[in-house]
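Below you'll find the structure, written out as structure tokens, and then a few comments.
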Amino acid sequence: MKYAFYPGCSLESSASEYRISTEAIASALDIELVEIPNWICCGSTPAHMSHELLSLTLPAYNLVLAMNVGTEGVAVSCASCYNRLKQANHAMQDPIKRGKVAEALGEIYDGTVPVKHMLEIVSEIGAKRNLKDLVRVDLSDIKVAPYYGCLLVRPPDVTNFDDPEDPQIMDRLVEVLGAQVVKYNFKVECCGAALAFPQVEIVKKLSGQILLDAKESGADIVIVACPLCHSNLDLRQRDIEKYLGIDLEIPVLYFTQLMGLAFGLSPRELGLEKHLISPDSVLKRIGIKV
Amino acid sequence: MVHNKISSPSFLEEVEAESGEKVRICYQCGKCSAGCPVGYAMDLLPNQVMRLVQLGLKDEVLSCATIWLCASCETCATRCPREIEIVKVMDVLRRRSSAEGYPSAVREVPIFVNSFIGNLKRFGRLYEAAFVGTYNILSGHLTKDFDKVPAMLSKHKLSLLPPRIKGISRIREIIKRVEEIEKK
Amino acid sequence: MSDRLRIVGFLCNWCSYAGADLAGTTRLKHRAEVRIVRVPCSGRIDPVFILKAYERGADAVIVGGCHPGDCHYVSGNLNARRRFLVIRKLLEFIGIEPDRFEVTWCSAAEGEKWAKVVNEVCDRVEALGPFEAYKAITPPVRGPVKEVTTGEE
Amino acid sequence: MARIGVFVCWCGSNIASTVDVKAVAKAAASFPGVAHATDYKYMCSDPGQNLIRETIESEHLTGLVVAACSPRMHEPTFRRLALETGMNPYLVEMANIREHCSWVHEDKGEATAKAIETVRMLVEKVKRNSPLEEIRVPVTKKALVIGGGVAGIQAGLDIVTAGIPVIMVERSPSIGGHMAQLDETFPTLDCSQCILTPKMVELSQHRLVTLHTFSEIDEVSGFVGNFKVKIRKKARTVDHDKCTGCGICMEKCPAKVSSEFDRGLSDRKAIYVPFPQAIPNKPVIDRSSCIWFTKGRCGVCKKLCPAEAIDFEEKDVIVEEQVGAIVVATGYDLIDRGLYGEYGHGKIKDVIDGLQFERMLSASGPTGGKIVRPSDGATPKTVVFVQCVGSRDDSKGIPYCSRICCMYTAKHAMLYKHRVKDGKAYIFYIDVRAGGKGYEEFVKRAVDEDRVVYLRGRVSRIFEKNGTVFVKGSDTLSGQQVEIRADLVVLATAVTSSHGSRELAQRLRIGFDQYGFFTEAHPKLRPVETTTPGIYLAGACQAPKDIPDTVSQASAAASKVIGLLSSDELIREPLVARVDEKVCIACFMCESTCPYGAIEHVTWKDPETRKEKEVARVNPGICEGCGACLPVCRPKALDLMGFSDEQIYGEINALSDLVKVIHDE
Ligand SMILES: Cc1cc2nc3c(=O)[nH]c(=O)nc-3n(C[C@H](O)[C@H](O)[C@H](O)COP(=O)(O)OP(=O)(O)OC[C@H]3O[C@@H](n4cnc5c(N)ncnc54)[C@H](O)[C@@H]3O)c2cc1C
Ligand SMILES: Cc1cc2nc3c(=O)[nH]c(=O)nc-3n(C[C@H](O)[C@H](O)[C@H](O)COP(=O)(O)OP(=O)(O)OC[C@H]3O[C@@H](n4cnc5c(N)ncnc54)[C@H](O)[C@@H]3O)c2cc1C
Ligand code: SF4
Ligand code: SF4
Ligand code: SF4
Ligand code: SF4
Ligand code: SF4
Ligand code: SF4
Ligand code: SF4
Ligand code: SF4
């Protein structure tokens with residue numbers, strides 16, 4: 001299985017561990033990821049807030065590049081990039097928008113390059129072969145709260161990802177990996193997303209609610225599929241604790257890292273040391289030396 | 001409110017044309033507002049924004065804080081019974097507000113957006129170090145998030161070198177064309 | 001009198017014919033060129049009727065039926081609507097100006113609409129002039145009935 | 001040789017002031033086939049009619065053209081007159097020279113020319129008219145009612161009052177419908193069971209009623225006055241002739257499933273009656289949950305039944321009935337709540353729908369009339385009601401308003417407050433639609449006397465944590481987000497068409513809308529009729545309706561049935577289509593075009609060649625005379641009486657000047 005890989009900006013820097021762990025599980029699952037050469041930023045939220053055409057042209061540019069890689073489609077790790085690429089594909093069904101984008105790009109993009117989030121790719125593989133066979137480490141002691149956030153599942157007619165109100169892909173993955181799934185109420189509530197920079201107070205409140213609900217529902221860790229969510233839940237967790245006036249101390253892992261752990265990869269290979277909230281205590285519990 | 005003195009009688013049509021959404025069919029059920037995670041911080045709830053657009057009350061809506069606080073989380077649009085993509089409407093309002101020089105009720109957000117876009121134009125990809133720097137200087141929050149920098153550096157989560165990609169001149173050209181087309 | 005325009009109107013009994021009646025009861029003056037043939041439903045109108053009317057020298061034909069969805073006979077006018085699209089193409093094909101053919105959905109309450117349509121079509125056809133060309137272009141259509149001629153039976 | 005009489009009316013000055021009536025009569029007299037033409041002041045008046053009558057006789061006329069007002073006005077008058085004189089009424093035509101001429105034109109010359117041409121067209125038409133006889137169809141004096149809810153029961157009772165036998169088909173094991181599930185009913189808060197049960201009993205015991213419960217309609221053929229119906233009586237597995245209704249079987253049956261009647265709030269057995277007051281009050285076996293039928297063992301009921309009524313071998317039986325009219329009263333369903341993931345469907349026990357709340361309120365219901373939280377049986381202190389769940393929602397639900405939920409939600413909140421005095425009741429609404437008699441007052445009472453709090457906004461999300469249900473809504477009037485921590489949430493879910501309604505409509509050949517509700521012939525003027533003659537609608541199967549409207553419509557449908565079946569024969573206008581069997585090539589294009597299903601397949605023997613072939617036949621009892629089948633018939637085997645091809649070509653060809661032109665060439 002070969003995919004054109006679109007890492008997105010965050011995986012180049014602040015989410016480097018997401019990239020490392022994604023590549024690690026990709027090789028464990030025989031997914032060949034060919035990075036799209038010279039890909040550029042998808043524009044993220046600021047682009048659609050300020051320039052509609054730019055917010056379509058940037059993803060289209062990347063998708064055209066991806067076509068040249070010659071694969072089954074584009075694999076994306078970041079939920080925000082995923083959303084933007086899907087939005088562009090969706091918008092290309094409108095001939096007027098398609099025309100404008102073609103004018104800007106100097107070539108026609110018809111919106112047909114398939115875009116998949118790594119979670120979808122993993123779940124497709126899971127449907128074909130038993131991922132349990134790859135599990136080496138017993139995770140049955142850890143309670144995991146899967147956090148999906150906004151941009152994977154919404155708007156449903158664009159992303160067409162899973163049940164927008166109660167998605168199950170990560171829940172099922174956690175089960176297959178042998179850990180316990182925590183049912184809680186905020187798995188698709190917004191973490192504050194792009195307001196991270198300009199409106200920290202809002203992020204503290206929204207992300208705080210999510211972490212608190214996960215914690216109160218018994219979660220040892222939260223897993224995410226988006227660098228933006230991760231930065232809000234992990235990087236800002238100390239600020240959130242201050243804001244809420246309580247200790248949360250709840251490690252936030254990428255789902256790829258949890259998979260890697262289950263498959264027996266070392267914390268180093270998964271970049272687990274990079275989180276601000278250290279997962280060490282959890283690792284110890286499953287018998288991993290840190 | 002004297003309705004026949006609204007600031008812009010064609011405002012509704014303009015917003016509808018640019019967003020591609022039928023704001024007029026909003027029947028003010030309030031489901032968007034009920035679920036908006038940021039609603040508690042907004043000066044107008046999303047349904048009120050829709051209403052003001054319907055009434056053509058342009059000044060009120062383009063100078064509100066809500067359009068800048070909206071996190072584009074799509075919760076509202078996903079549940080709107082009239083299938084209105086509210087974020088697309090918010091996007092149009094944000095753009096109009098900036099373009100027409102309305103003072104932003106939440107000044108950090110447009111600065112954030114502009115810093116991001118500026119950064120993107122220069123490097124093609126987000127150069128986080130430069131971006132954070134620009135944003136902090138422009139917003140006046142000079143030391144914002146500096147407490148996170150040492151840890152991020154030590155964990156190799158912040159790259160101090162700008163990204164390098166081939167064909168950056170072509171990218172700049174495309175962005176320029178985008179801007180020209182948008183002006184038309 | 002011979003340069004007077006002649007327009008044939010096929011009107012369904014329940015809507016358009018009644019609409020034309022209403023134009024009368026409300027005394028809405030309009031032009032006098034239309035000769036009305038009453039049919040139960042616009043779905044009854046055979047395309048050959050229309051061609052026949054041209055062949056007989058009509059300068060234009062108006063077809064009137066109930067509004068789509070309001071048909072007295074459930075769906076007759078939907079059939080008709082499909083058929084008239086084809087007719088319009090056929091007319092174009094044989095060289096009859098499309099302006100000489102009008103389909104209108106006119107309800108029993110739309111006397112005003114009927115009067116307006118009549119006036120519009122008359123004006124339009126007047127501008128086109130009488131339909132002299134029919135001799136050259138109307139295909140020989142033959143109803144199942146032997147031709148009726150004037151003079152004696 | 002035709003001898004047509006033309007009678008030109010002045011209509012006082014109505015016609016005569018714009019049309020030169022004398023000139024019209026004079027011109028008409030010269031038309032071929034016209035034996036006599038004259039004018040008169042008022043043709044419709046007694047002297048006018050006498051003039052016509054005398055002329056018919058003296059001139060031996062074979063047809064009439066009355067040039068006067070619109071045929072929609074006086075055609076019946078002149079046709080009746082013809083009949084009186086012994087002339088076939090269908091040999092009369094009217095030339096409309098008033099509405100279409102004198103009243104709408106000003107130029108006397110033009111108007112007169114138009115009048116002359118119009119008369120000429122109708123002369124040519126009437127020459128081709130044939131005498132037609134009214135169609136008489138014998139009538140079976142018996143009615144079928146499909147669906148045994150309050151609509152069906154009311155219609156049935158009204159029909160038998162007129163002495164007409166009724167066959168009722170109900171698909172569930174008991175009649176009663178949704179009304180049997182309700183507690184007290186708005187706007188008067190009378191007890192639903194108390195007013196419905198006597199009607200159920202009266203109907204079931206009436207000597208003219210045949211009740212088929214646990215039965216469905218398999219096939220309907222025929223037409224108004226003469227429908228043939230095949231009814232499938234599903235195997236009950238219990239012989240009701242032997243069963244005494246003692247109930248031992250139900251007590252001992254080990255198989256439990258959730259009760260449909262109590263909407264999952266209680267269990268029933270595999271052998272069951274749906275509710276204590278059911279009619280008939282004898283059980284049936286639900287084979288899908290019976291252990292005997294699913295696993296091949298058990299048989300407890302059979303062993304214990306003192307009447308030996310259990311028959312595991314019983315098969316479905318098809319009963320054939322002949323009826324003259326049909327009332328469809330199949331009611332409604334509620335929308336699938338699963339569409340609303342944001343309301344925690346299937347996950348939160350303490351979120352229920354309105355019918356579940358009704359069952360809870362009901363004294364004979366699963367909780368004995370106590371309002372409790374399904375999760376722990378506690379009395380809820382805060383109840384949130386959410387209106388418009390699924391209704392008025394283009395996105396996930398249905399776009400229309402369900403019409404009853406505003407009212408029953410007010411009722412629910414009221415009844416809750418009556419029973420839990422210190423409880424709090426909140427209602428999220430978008431609009432309160434209380435258009436009926438006494439309805440607005442009812443809603444006001446909920447606010448005034450029972451202190452129900454209305455919040456204007458939809459709810460975005462409902463979730464549960466540690467036994468508390470969180471309801472996130474908004475109040476758009478104050479511009480606030482509202483979060484309520486509730487013990488119980490009641491959703492007013494949308495009313496949809498009854499499942500299977502589309503299939504039933506196809507079997508009956510009646511129309512249905514995109515939502516599966518049956519369509520009435522005209523929303524205002526024929527609201528209880530379908531476009532298929534002889535089939536009528538009652539109750540919520542036509543559109544969401546409350547009980548007062550349902551019962552009104554049921555009585556209206558019954559009066560239509562009684563009217564129809566009051567005579568021995570149906571008389572229909574003979575303006576129907578006919579097939580020339582010789583020409584028909586049996587392509588059946590006509591069949592697919594006819595909106596009424598009037599085309600039948602028959603075998604026909606050519607009287608000359610004595611060869612048999614299949615041909616189309618128009619059933620004159622069904623044909624409405626629309627003529628839609630004519631243009632699709634390639635070989636022109638079809639014709640329409642009264643508007644035949646020949647008649648219409650006659651009119652077209654009669655445009656006299658034009659014809660002359662043709663002849664000049
Ligand atoms: C929660 C709730 C509360 C309500 N409260 C009130 C109130 O207080 N006051 C009020 O006026 N109204 C109230 N209503 C409305 C009321 O229920 C309806 O107006 C009424 O039941 C409609 O009656 P019906 O006979 O048309 O339909 P139904 O009651 O639905 O009866 C239809 C019958 O037809 C049968 N059937 C269906 N399909 C077939 C088939 N194919 N073949 C044979 N049989 C078939 C069904 O089994 C059923 O027995 C309430 C409704 C709800 C949901
Ligand atoms: C502004 C307006 C707009 C409307 N638009 C619509 C619409 O778009 N669609 C719709 O469905 N409905 C509409 N309606 C409602 C509609 O008018 C009524 O539903 C309908 O007219 C009721 O008919 P009726 O025969 O019951 O009463 P009426 O029309 O009032 O007829 C009653 C008749 O009884 C006569 N009468 C009264 N007392 C006596 C007496 N003591 N003895 C003898 N004769 C008597 C009266 O003179 C009258 O002729 C509208 C109503 C209004 C006010
Ligand atoms: S949810 Fe949709 S219809 Fe309702 S108020 Fe918001 S925008 Fe309007
Ligand atoms: S997209 Fe904006 S307005 Fe809509 S729910 Fe999210 S934050 Fe609120
Ligand atoms: S035990 Fe026999 S007689 Fe008694 S209710 Fe059951 S089936 Fe009827
Ligand atoms: S045979 Fe079936 S119905 Fe009878 S007792 Fe057993 S499970 Fe119940
Ligand atoms: S009746 Fe009331 S609650 Fe029901 S759909 Fe209509 S407005 Fe909503
Ligand atoms: S009184 Fe008339 S206008 Fe007012 S709510 Fe009732 S129906 Fe509507
Ligand atoms: S369309 Fe004409 S030829 Fe064909 S079956 Fe019908 S009547 Fe016969
Ligand atoms: S005239 Fe109309 S109703 Fe009669 S058979 Fe033809 S299509 Fe059917």
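Per chain, numbering begins at 1; letters A, B, ... match sequence-line order.
Put simply, of B:Asp91, B:Ile165, B:Asn114, the one with the most heavy-atom pairs under 4.5 Å next to chain A is B:Asp91. Here A:Glu17 is the residue among A:Glu17, A:Glu201, A:Glu12 with the most heavy-atom pairs under 4.5 Å with chain B. Chain B forms more heavy-atom pairs under 4.5 Å with one residue of A:Gln209, A:Arg238, A:Lys205, A:Glu189 than with any other, namely A:Lys205. Chain A forms more heavy-atom pairs under 4.5 Å with one residue of B:Lys166, B:Glu108, B:Glu180 than with any other, namely B:Lys166. Heavy-atom pairs under 4.5 Å with chain B peak, among A:Pro46, A:Pro164, A:Cys41, at A:Pro46. The candidate from A:Ala47, A:Gly43, A:Gly8 with the greatest count of non-hydrogen atom pairs under 4.5 Å with chain B is A:Gly43. For the options A:Ala104, A:Ala15, A:Ser16, A:Gly271, heavy-atom pairs under 4.5 Å to chain B are most numerous at A:Ala104. The greatest number of non-hydrogen atom pairs below 4.5 Å with chain A, out of B:Arg177, B:Arg95, B:Arg170, is found for B:Arg95.
Ring orientation note: the planes of A:Tyr254 and A:His230 are close to parallel, at an angle under 30° on the 30°/60° scale. Using cut-offs of 30° and 60° for the angle between ring planes, the B:Phe116 and B:Phe112 rings count as tilted.
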Assess the residue pair B:Arg94 and B:Ser72 against the criterion (side-chain hydrogen bond (donor to acceptor under 3.5 Å, both in side chains)); give the C-alpha distance rounded to whole Å, side-chain angles, the decisive distance to 0.1 Å, and a yes or no.
CA-CA 12 Å; B:Arg94 300 187 255 251; B:Ser72 303; 3.3 Å; yes
Going through the checks in order, is the side-chain contact (heavy atoms from CB on, under 4.5 Å) test met by A:Ser207 and A:Leu233?
CA-CA 6 Å; A:Ser207 292; A:Leu233 299 178; 3.7 Å; yes
Pair B:Glu74, A:Cys150 - check side-chain contact (heavy atoms from CB on, under 4.5 Å), show working.
CA-CA 7 Å; B:Glu74 299 273 4; A:Cys150 312; 5.8 Å; no
Apply the test side-chain contact (heavy atoms from CB on, under 4.5 Å) to residues B:Val61 and B:Val15: give CA-CA distance (whole Å), side-chain angles for both, the deciding distance (0.1 Å), then the verdict.
CA-CA 12 Å; B:Val61 75; B:Val15 173; over 6 Å; no
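Looking at B:Arg107, there are no atoms closer than 4.5 Å to chain A (heavy atoms on both sides), in backbone or side chain. Contacts of B:Ile174 with chain A are made by both backbone and side-chain atoms, with heavy-atom separations under 4.5 Å. Contact annotation for A:Asn83: neither backbone nor side-chain heavy atoms come within less than 4.5 Å of a heavy atom of chain B. Proximity to chain B (any heavy atom under 4.5 Å) is shown, for A:Ser50, by both the backbone and the side chain. With a 4.5 angstrom heavy-atom cutoff, A:Pro155 touches chain B via backbone and side-chain atoms both. In this structure, the portions of B:Leu126 lying under 4.5 Å from any heavy atom of chain A include both its backbone and its side chain. For A:Ile202, the parts lying under 4.5 angstrom from a heavy atom of chain B are both the backbone and the side chain. Neither the backbone nor the side chain of B:Tyr127 has a heavy atom closer than 4.5 Å to any heavy atom of chain A. For B:Val92, no part lies near chain A; criterion is any non-hydrogen pair under 4.5 Å. Only the side chain of A:Leu151 comes within contact range of chain B, judged by heavy atoms closer than 4.5 Å. For A:Thr45, the part lying under 4.5 angstrom from a heavy atom of chain B is the side chain only. For chain A, the nearby parts of B:Leu69 are the backbone and the side chain; heavy atoms of each come within less than 4.5 Å. When heavy atoms are compared at a cutoff of 4.5 Å, A:Leu58 approaches chain B solely by way of its side chain, counted from C-beta outward. For chain B, the nearby parts of A:Glu103 are the backbone and the side chain; heavy atoms of each come within less than 4.5 Å. Proximity to chain A (any heavy atom under 4.5 Å) is shown, for B:Ala77, by neither the backbone nor the side chain. The part of B:Glu85 that comes within reach of chain A is its side chain, from C-beta onward, which places non-hydrogen atoms under 4.5 angstrom from that chain.
In summary, the side chains of A:Tyr109 and A:Asn89 do present a donor paired with an acceptor at a separation below 3.5 Å, with no hydrogens or angles considered. For A:Ser55 and A:Glu52, the side-chain atoms include no donor-acceptor pair closer than 3.5 Å. A side-chain donor from one of B:Tyr102 and B:Asp59 sits under 3.5 Å from a side-chain acceptor of the other. Between the side chains of A:Asp166 and A:Gln168, a donor-acceptor pair is found at a separation under 3.5 Å. Remark: the B:Arg51 side chain and the B:Gln54 side chain contain an N/O donor-acceptor pair separated by less than 3.5 Å. Inspection of the A:His51 and B:Glu179 side chains reveals no N or O donor paired with an N or O acceptor under 3.5 Å.
B:Glu182 has no carboxylate O lying under 4.0 Å from a charged side-chain N of A:Lys100, or vice versa, which leaves the two without a salt bridge.
Annotation: A:Arg98, atom CZ; neighbour count of heavy atoms from other residues, nucleotides and ligands within 6.0 Å is above 12.
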